[in-house]
Amino acid sequence: MSFPEEVIRKLQSAERIVVLTGAGISAESGVPTFRDAQSGLWANYKPEELATPQAFRRNPKMVWEWYMMRREMIKKVKPNPGHFALAAIEKKVPRFLLVTQNIDNLHHLAGSKNVIEIHGNIQRTKCFDEDIVVDKWELTKDVPPLCPRCGGMLRPDVVWFGEMLPPGAFERSAEAVRNSDVFFSIGTSSLVYPAASLPYEAFSKGILSIEINVEETPLTAHVDHHFRGLAGEILPQLVSATWLT
Ligand code: OAD
């Protein structure tokens, strides 16, 4: 794939790059996205049946077991060239922030350092009542297991529909986008707010905006450049064209 000279030059001179990723960047690692009709995680369930506090109160065992199934699946997957390319870009620019909607930990595994997990991390567990992370807990006959501190139910440390984002996560991300030279939106359908509002922080400031996706999204009409294709193919080519030639 060839890239516009404007993009190459801007990336080479960029002081600060901010990237927003969604499930699409993990698709090539074998992690199902949310809205792929044929294989999406929601294909057999409805989000409101699983990823909400109400669903958890209604059927804690089912919700806990669904997340444990996903946790075990995600333990088996590996970062793909798209994740590694972003970790490489972070080393090339003075300031880099990766805001991910993904809870699969793959950006960390690929070596990305400055990451905001705006929807949490499936490998972390917290107490449903205290809303505090629990590092050590025992698997007992109780499903979900119980908090060693207060006896409340444990849950995955991920953001459910209708819940607030981690304190400060959105504000820090929006501030970084507003002060970036280049903003990427990669592998996200741009449908779920407030994460989907982050790109608009770039548009209002005339920051070079780039979308990488296998399809059009509500963002496509607004970005400066839409690169159509697999993130795992486009990103390594962009790194080579910008920093390795
Ligand atoms: P979606 O499943 O909504 O969208 C995935 C996007 O990635 C789609 O636009 C696909 O076209 C694109 N895509 C798929 N494979 C790709 C590839 N190899 N390269 C590039 N793009 C690819 O997932 P998200 O946008 O991440 O929230 O969903 C946002 C949020 O909705 C999730 O974080 C989750 C979900 O509800 C919570 O759980 C709170």
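In this text, all values refer to a predicted model and were calculated from it rather than measured experimentally. In this chain, numbering begins with 1 at the start of the sequence shown. Each ligand, and each atom within it, is numbered from 1 in the order the structure gives. Computed from heavy atoms alone, side chains included, the values below leave out hydrogens, waters and symmetry copies.
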May I ask whether Leu191 places a heavy atom under 4.0 Å from ligand 1?
no

Looking only at N/O atoms, are Gly22 and ligand 1 under 3.5 Å apart anywhere?
no

Around atom NZ of Lys10, are there more than 12 heavy atoms of other residues, nucleotides or ligands at under 6.0 Å?
no

Proximal candidate to atom 29 (C) of ligand 1 [heavy atom criterion; set Glu215, Glu216, Gln101, Arg228]
Gln101

Those atoms of ligand 1 less than 4.0 Å from some heavy atom in Thr188:
6 (C), 7 (O), 9 (O), 24 (P), 25 (O)

Mind checking whether Thr217 has an N or O less than 3.5 Å away from an N or O of ligand 1?
no

Can you tell me if Glu5 has over 12 outside heavy atoms packed within less than 6.0 Å of its CD?
yes

Closer than 4.0 Å to some heavy atom of Ala23 - which atoms of ligand 1 meet that?
23 (O), 24 (P), 26 (O)

Proximal ligand 1 atoms for Ala27, defined as those under 4.0 Å from one of its heavy atoms:
15 (N)

Using a strict cut-off of less than 4.0 Å between a Lys/Arg side-chain nitrogen and an Asp/Glu carboxylate oxygen, indicate whether Glu65 and Lys61 qualify as a salt bridge.
yes

Give me the atom names and distance for the closest heavy-atom approach of Ser26 to Asn80.
CA-ND2, 4.1 Å

From CA spacing to verdict: salt bridge (Lys or Arg N to Asp or Glu O under 4.0 Å), Lys126, Glu163:
CA-CA 14 Å; Lys126 69 178 180 182; Glu163 289 190 318; 5.4 Å; no

Close N or O approach (Ile212, ligand 1; < 3.5 Å)
no

Between the side chain of Glu117 and the main-chain N/O of Thr100, is any donor-acceptor distance below 3.5 Å?
no

For Phe161, the ligand 1 atoms whose distance to one of its heavy atoms is below 4.0 Å
36 (O)

Counting heavy atoms only, which of Ile103, Leu235, Val159 comes nearest to atom 39 (C) of ligand 1?
Val159

Could you list which atoms of ligand 1 come closer than 4.0 Å to a heavy atom of Gly229?
19 (N), 20 (C)

Of all heavy-atom pairs linking Thr217 and Ser189, the shortest is CB-O, 3.9 Å

What residues, two or more places apart in sequence or in another chain, satisfy side-chain contact (heavy atoms from CB on, under 4.5 Å) together with Ala196?
Tyr193

I need the full list of ring pair (Phe, Tyr, Trp, His ring centres under 6.0 Å) pairs touching residues 125-157, with sequence neighbours left out, sorted by first then second residue.
Phe56-Phe128, Trp64-Trp137

Within the 4.0 Å heavy-atom shell around Gly187, which atoms of ligand 1 are there?
5 (C), 6 (C), 7 (O), 21 (N)

For Glu28, the ligand 1 atoms with a heavy-atom partner under 4.0 Å come out as 17 (C), 18 (N), 19 (N)

Mind checking whether Asn213 has an N or O less than 3.5 Å away from an N or O of ligand 1?
yes

Which of these, Ala231, Ser190, Gly82, Gly232, has its nearest heavy atom closest to atom 20 (C) of ligand 1?
Ala231

Show your working on salt bridge (Lys or Arg N to Asp or Glu O under 4.0 Å) between Glu175 and Arg178 and close with a plain yes or no.
CA-CA 5 Å; Glu175 186 276 335; Arg178 283 194 294 271; over 6 Å; no

